[in-house]
Amino acid sequence: MTDDDFGTAVLAWYDLHGRKDLPWQQGVTPYRVWVSEIMLQQTQVATVLGYFDRFMQALPTVEALAAAPEDEVLHLWTGLGYYSRARNLHKAAKTVVERHGGEFPRSVEALAELPGIGRSTAGAIASLSMDIRAPILDGNVKRVLARYTATAGYPGEPAVARRLWEVADRLMPHERVGPYTQAMMDLGATLCTRSKPSCLLCPVKPGCRAHLQGQETAFLTPKPRKTLPQRQTLMPLFVNDANAVLLQRRPSTGLWGGLWGPPEVADAAELEALAERQGLVIDERQALPGLVHTFSHFQLAIEPWLVQVDHRQHRVAEGDWLWYNLASPPRLGLAAPVQKLLKRAEQALKGEPA
DNA sequence: GAATCGTGGGT
DNA sequence: TACCCAAGATT
């Protein structure tokens, strides 16, 4: 197959078998495509389906997003993970409104200057919503191209990535760039899967070096793994008589950046000291069942304590602290395990067994 | 170049 | 079960 044949075959396959009914493919605009692409970074389509429409309904335009409080944006992102994506999205929206008059810049280079938009996401936005010829290189496309060219090596290595970008650029047609971009992702997602690829149905099988060698699953080279470090933390859930839990805004960098959560302490003594500092008089406390959460790069053991405090004694927390009312929760960002903890605290307060 | 950043699904 | 890793970007 020639390079031209590749694009032609991929597009013909897309017209018959590509996905055209995803929410962000309806009423295509740079804003909708941008939000979807950010949500889809390292996140499966099925997961994003539960977030995209709700986000768009709450913040239909880049102006609405730019004007929204950060807590609202993080609230809409709650449970989706990689929360810096949401903060960067918010920041980029403000830039688009304030510096570009509410219009997205119409080049990959300018798009990639916005926070949270790298080369691949910029290529996706440009090709899908602006008809600009710019390739993408996400997990799906990496796999398709690594197999098609039998490119060995872990793509995290810059030399391998550089080579795949060259291939991506060389094989991209000059017409119908939007459908082509969508087609490449669909090909990787539905046919050229990590295990058991459906080569029989593949439009570019005649030119696929990996298939010709019978070595499809030898690509991609997997990421080298290390053993997960273990961490441990104590999370006191201070509850007042109104069934509100004391939460603290976490720093914008690091784990769960910008979200709200229970304070973290190393031991019981530190818990006492924290209560003292906040003017909280402890009525009673009990340990709730522990929680072990596995992240990509470490494992965290959370020991939650339910600590009921005397409402007549405490003063209202301010600044980075707030009382989170379980009955009427405010709109702010919570990490998934924190949501789980709050639910657990609510049950314990109702007297239900843990 | 290596670490960091979440959560959920597939094998 | 224990890994792998998904429409990656940033530091």
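Quantities reported herein were computed from a predicted structural model and do not represent experimental measurements. Numbers restart at 1 for each chain; the letters A, B, ... are given by sequence-line order, proteins then strands.
The six-membered or imidazole ring of A:F52 lies away from that of A:F55, with a centre-to-centre distance of 6.0 Å or more.
OP1 and OP2 of B:dC5 both lie 4.0 Å or more from every side-chain N or O belonging to A:W77. Between A:R85 and B:dC5 there is no side-chain polar atom (N or O) within less than 4.0 angstrom of OP1 or OP2. Side-chain N/O atoms of A:Y83 include one lying less than 4.0 angstrom from OP1 or OP2 on B:dT7. Within the 4.0 Å cut-off from OP1 or OP2 of C:dA6, at least one side-chain nitrogen or oxygen of A:R143 is found. The phosphate of B:dA2 (OP1 or OP2) has no side-chain N or O of A:K226 nearer than 4.0 angstrom. Under 4.0 angstrom from either OP1 or OP2 of C:dG8 there lies at least one side-chain N or O belonging to A:Q42. Listed pair A:H293 / B:dT7 meets the phosphate criterion, a side-chain N or O lying under 4.0 Å from OP1 or OP2.
When the nucleotides B:dT11, C:dA7, C:dC5 are ranked by their closest atom to the side chain of A:S195, B:dT11 comes out on top. The side chain of A:N88 approaches C:dT10 more closely than any other nucleotide in the set C:dT10, B:dT7, B:dC5. When the nucleotides B:dT7, B:dG1, B:dC5 are ranked by their closest atom to the side chain of A:P158, B:dG1 comes out on top. Residue A:L22 has its side chain nearest to C:dA7 when only C:dA7, B:dC5, C:dA9 are considered. Proximity note for A:H297 (side chain, C-beta onward) versus C:dA9, B:dT4, C:dA7: the nearest is B:dT4.
As judged by a 4.0 angstrom heavy-atom cut-off over every strand, A:S120 is placed among residues touching the sugar-phosphate backbone only. Using a 4.0 Å heavy-atom cutoff across all strands shown, A:G156 reaches no nucleic acid atom at all. Among the atoms of the strands shown, base atoms are found under 4.0 Å from some heavy atom of A:W24. Here A:L255 lies in heavy-atom contact (under 4.0 Å) with sugar-phosphate atoms only. Using a 4.0 Å heavy-atom cutoff across all strands shown, A:A124 reaches no nucleic acid atom at all. Base contact: A:R225 has a heavy atom under 4.0 Å from a base atom. Residue A:I117 is in sugar-phosphate contact alone, with no base atom involved, counting any heavy-atom pair closer than 4.0 Å across all strands shown. Base contact: A:V45 has a heavy atom under 4.0 Å from a base atom. Across all strands shown, A:Q182 has heavy atoms under 4.0 Å from base atoms, whether or not it also approaches the sugar-phosphate. Contact annotation for A:A46: no contact, since no heavy-atom pair falls under 4.0 Å across all strands. Across all strands shown, A:G188 has no heavy atoms under 4.0 Å from either base or sugar-phosphate atoms.
Here the C1' atom of nucleotide C:dT10 and the CG atom of A:L89 are 15 Å apart, to the nearest Å. Protein atom CE of A:M39 is 16 Å distant from nucleotide atom C1' of C:dA6, rounded to whole Å. For the pair A:L137 CG and C:dA6 C1', the computed distance is 14 Å after rounding to whole Å. Rounded to whole angstrom, the span from the CG atom of A:L228 across to the P atom of C:dC3 amounts to 8 Å. Spacing between atom CZ of A:R32 and atom C1' of C:dA7 amounts to 16 Å, rounded to whole angstrom units. For A:Y82 and C:dT11, the OH to C1' distance is 14 Å, given to the nearest whole Å. With rounding to whole Å, A:W34 atom CH2 is found 14 Å from C:dA9 atom C1'. C:dA2 atom C1' lies 11 Å from atom CD of A:Q299, rounded to whole Å.
Contact check on A:E72 versus A:R331 returns a salt bridge, with a Lys/Arg side-chain nitrogen under 4.0 Å from an Asp/Glu carboxylate oxygen. Salt-bridge check for A:R250 with A:E264: passed, with a basic side-chain N closer than 4.0 Å to an acidic carboxylate O. Classification of A:D15 and A:R176 as a salt-bridged pair holds, one side-chain N sitting under 4.0 Å from a carboxylate O.
Spacing of P atoms, B:dG8 relative to C:dA9, comes out at 22 Å, to the nearest Å. If you take atom C1' in C:dA6 and the same atom in B:dG1, they sit 23 Å apart, rounded to whole Å. B:dC5 and C:dA7 have their P atoms separated by 23 Å, given to the nearest Å. For the P atoms, the distance linking C:dT1 with B:dG6 amounts to 26 Å, nearest Å.
Both A:T121 and A:Q44 lie close to DNA chain C; mapped to their nearest nucleotides by heavy-atom distance, the more 5′-ward contact belongs to A:Q44. Sequence order on DNA chain B of the closest nucleotides to A:A159 and A:T294 puts A:A159 first from the 5' end. Nearest-nucleotide positions on DNA chain B for A:T47 and A:K196 put A:T47 closer to the 5' end.
A cation-pi arrangement is absent between A:R32 and A:W24 under the rule of less than 6.0 angstrom and at most 45 degrees off the ring axis. Geometric assessment of A:R231 against the ring of A:F298 yields a positive cation-pi assignment under the 6.0 Å and 45° thresholds. Stacking of A:R249 on the aromatic ring of A:W321 is not recorded, the 6.0 Å distance cut-off and the 45° axial limit not both being met.
Environment of CZ in A:R170: crowded, with over 12 heavy atoms of neighbouring residues, nucleotides or ligands closer than 6.0 Å.
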